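Below is one structure; the comments refer to it alone.
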Amino acid sequence: MPEGPELHLASLFVNKVCDGLRFGGKVEKSEVSKNPEVPFSCPEYTISAVSRGKEVKLILTPVADADEVASVIFRFGMSGSFKFTAEDEIPKHAHLRFFTVDVPRKVLCFVDPRRFGTWEYNGTWKPERGPCVMMEYEKFRENVFKHLSDKAFEKPICEVMLNQKYFNGIGNYLRAEILFRLKIPPFMPARAVLESVRNQSQVLNADLPLSKKVKIKKENPDLLQLCNLVPMEVIQLGGKGYDPGHGEDYAAFEQWLQCYFVPGMKSLRDSNGRTIWFQGEPGPLAPKGKGKKVRKQRKSVDIDAKPVKAETNATKRKAAKAKSTTVKKECKEEVMEEGGETAVKRKRAKTTENSMGDSKIISAGERGTHLRSKRKIVDNLEVKISRRLSQQSPVPKTPARKRKAAKLLADDTPTPKPRPRRLKSDVSKQSQNSPKPRTRRK
DNA sequence: CGTCCACGTCTAC
DNA sequence: TAGACCTGGACGG
């Protein structure tokens, strides 16, 4: 669950389910967790929560003596969340548990399958982390401008956006969504991008009626504003935000995504090995790397038709990654593409394309039009799809058939096959307004 | 069954 | 700039 919005939603969840409840006794920690014990014990206490960026603080207030408050600060890692259940339904991976006094007892649990999450008893917000992009917007904005000369900003904007010293709360899906909305190439130099934001806002401060300024700002939010607005949209969606596997709410969230993991978008590994999703040009600081390495494509209905040289890549990757320890050093592999071209595969610098693996189509489309983003995407997809169709026989509709078709295609057209991992797509969901081929889990 | 990938930090060469 | 830290789901064979 874990980017800023999920943490904030978690705090809202705690405040909702714990409202009016009395907790008591000891706080239990799982054996397996390496996090510290929480040596708080009290006959009766209440629980409330607040969030800041990617941290949440639980506040434990003794009923008898409200001055004896204690707190626990949580960071969710990749899979942390809070759950509130009956005592006999404590979920797997519940590593910290708070019990109600009243029976049947209920339990507030910190659940974290991967255990990358951490907590600190009576800790503070991590001092290195900047102001919250959602709840401390003005401070956040000032903090960025104030440090623009720092070395940290000599990197691609997409990488700087994951730096919690300046963008506390932004994570991998948010950076993609934000950059996508402004059509900022992810590998543009961060300082240049942000200086431009600063200059623009200064221009705005010039002579214009206040109402006019407000209007302009609202209608043309800049990058930093979007670092606040986009996460706030997720909060407004309600639900749990990014929480794959949990039905209804997740479907709404997935519908909300415009770029991250969306079929038709491109993706690349940034220099830290994180996948950045985007549309259009990657930007000047994009990772080197010879040919465009394609990656997989999710098996999804519409796009599915596209085949490509799946195995070439799959095989390469496997080889490259084989021995984690010994071989890891050798990240570069010379790979002979069937098409006759050689590509250098760097373990973490692969270019990936979605479906068609034909980036030219996208570029051309973009250059030629000023359509709105959504429309663009649709257009691109349509182009791609129609191409595919024209290139081969009618597209089979069942997954099995699709796979077969893809294979056949791959046989004569050795293109690496990208395979993003969203599940099956749902054609029926596509509408003129929300064109994206979305996939959803079953 | 094995491989790849995932919403994020951390610290050790 | 790599690993390390973890579990589990989707896929491919």
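Reckoned from all heavy atoms, side chains included, excluding hydrogens, waters and symmetry mates. Remember, it's a predicted structure, so these values are computed and weren't measured experimentally. Every chain is numbered from 1, with letters handed out A, B, ... down the list of sequences.
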Point to revise | Set of side chain to side chain donor-acceptor pair (under 3.5 Å) partners for Glu138(A), sequence neighbours left out | key: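 Partners of Glu138(A) under the side chain to side chain donor-acceptor pair (under 3.5 Å) test: none.
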
Practice item. Please identify each residue that fulfils side chain to side chain donor-acceptor pair (under 3.5 Å) with Gln225(A), with sequence neighbours left out. Key: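 Residues passing side chain to side chain donor-acceptor pair (under 3.5 Å) with Gln225(A): none at all.
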
Review point. With Watson-Crick and G-U wobble geometry limited to distances under 3.5 Å, how should the secondary structure of DNA chain B be encoded in dot-bracket form, using | for bases paired to another strand and [ ] for crossing pairs?
Key: ||||||.|||||.

Check your understanding: Under 6.0 Å between ring centres, would you say that holds for Phe23(A) and Phe99(A)?
Key ->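 Distance test on ring centres: not under 6.0 Å, no.
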
Point to revise | Any donor-acceptor N/O pair under 3.5 Å between dC6(C) base and Arg115(A) side chain | key: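 Checked by distance alone, the answer is no.
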
Would you mind reading off the distance between [X] atom [atom1] and [N] atom [atom2], rounded to a whole angstrom?
{"X": "Leu237(A)", "N": "dC7(B)", "atom1": "CG", "atom2": "C1'", "result": "15 Å"}
{"X": "Phe167(A)", "N": "dG8(B)", "atom1": "CZ", "atom2": "P", "result": "15 Å"}
{"X": "Asn168(A)", "N": "dG8(B)", "atom1": "CG", "atom2": "P", "result": "12 Å"}
{"X": "Asn272(A)", "N": "dC7(B)", "atom1": "CG", "atom2": "P", "result": "13 Å"}
{"X": "Arg114(A)", "N": "dC5(B)", "atom1": "CZ", "atom2": "P", "result": "13 Å"}
{"X": "Trp277(A)", "N": "dC7(B)", "atom1": "CH2", "atom2": "C1'", "result": "14 Å"}
{"X": "Lys151(A)", "N": "dT1(C)", "atom1": "NZ", "atom2": "P", "result": "10 Å"}
{"X": "Met78(A)", "N": "dC7(B)", "atom1": "CE", "atom2": "P", "result": "5 Å"}

Exercise for review: Go through the structure and list residues passing ring pair (Phe, Tyr, Trp, His ring centres under 6.0 Å) with Phe116(A), not counting sequence neighbours.
Suggested key: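 Ring pair (Phe, Tyr, Trp, His ring centres under 6.0 Å) list for Phe116(A), sorted by chain: empty.
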
Practice item. Can you tell me which residue pairs pass the salt bridge (Lys or Arg N to Asp or Glu O under 4.0 Å) test with a partner in residues 106-119 of chain A, sequence neighbours excluded? Key: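 Every candidate salt bridge (Lys or Arg N to Asp or Glu O under 4.0 Å) pair involving residues 106-119 of chain A fails, so no pair, neighbours aside, qualifies.
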
**Study point:** salt bridge (Lys or Arg N to Asp or Glu O under 4.0 Å) partners of residues 163-182 of chain A, not counting sequence neighbours, each pair once
**Key:**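 Those involving residues 163-182 of chain A are Arg175(A)-Asp270(A), Arg181(A)-Glu233(A).
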
Expected list for residues 31-40 of chain A: side-chain donor-acceptor pairs under 3.5 angstrom, two or more places apart:
unit_1, atom_1, unit_2, atom_2, d
Ser33(A), OG, Asn35(A), N, 3.1
Asn35(A), OD1, Trp119(A), N, 3.4
Asn35(A), ND2, Gly117(A), O, 3.1

Just the atom pairs and distances: protein N or O near nucleotides 9-11 of chain B's N or O, under 3.5 Å.
unit_1, atom_1, unit_2, atom_2, d
dT9(B), OP1, Arg129(A), NH1, 2.7
dT9(B), OP1, Arg129(A), NH2, 3.2
dT9(B), OP2, Lys54(A), NZ, 2.5

Look at [X] and [N] and indicate whether a side-chain polar atom (N or O) is within less than 4.0 Å of OP1 or OP2.
{"X": "Lys92(A)", "N": "dT7(C)", "value": "no"}
{"X": "Thr275(A)", "N": "dA6(B)", "value": "yes"}
{"X": "His93(A)", "N": "dC6(C)", "value": "no"}

Review point. Which atoms form the tightest heavy-atom contact between Leu182(A) and Asp222(A), and what is the distance?
Key: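 The pair with the smallest heavy-atom distance is CD1-C, 3.9 Å.
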
Roughly how far apart, to the nearest Å, are [N] and [M] at atom [atom1]?
{"N": "dT11(B)", "M": "dT7(C)", "atom1": "C1'", "result": "22 Å"}
{"N": "dC6(C)", "M": "dC1(B)", "atom1": "P", "result": "23 Å"}
{"N": "dC7(B)", "M": "dT1(C)", "atom1": "C1'", "result": "23 Å"}

**Study point:** Set of residues satisfying salt bridge (charged side-chain N to carboxylate O under 4.0 Å, His left out) with respect to Arg75(A), sequence neighbours excluded
**Key:**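 Arg75(A) satisfies salt bridge (charged side-chain N to carboxylate O under 4.0 Å, His left out) with Glu55(A), Glu120(A) once adjacent residues are dropped.
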
Review point. Any ion pair linking Arg191(A) and Glu154(A) (charged N to carboxylate O, less than 4.0 Å)?
Key: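 A salt bridge links Glu154(A) with Arg191(A).
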
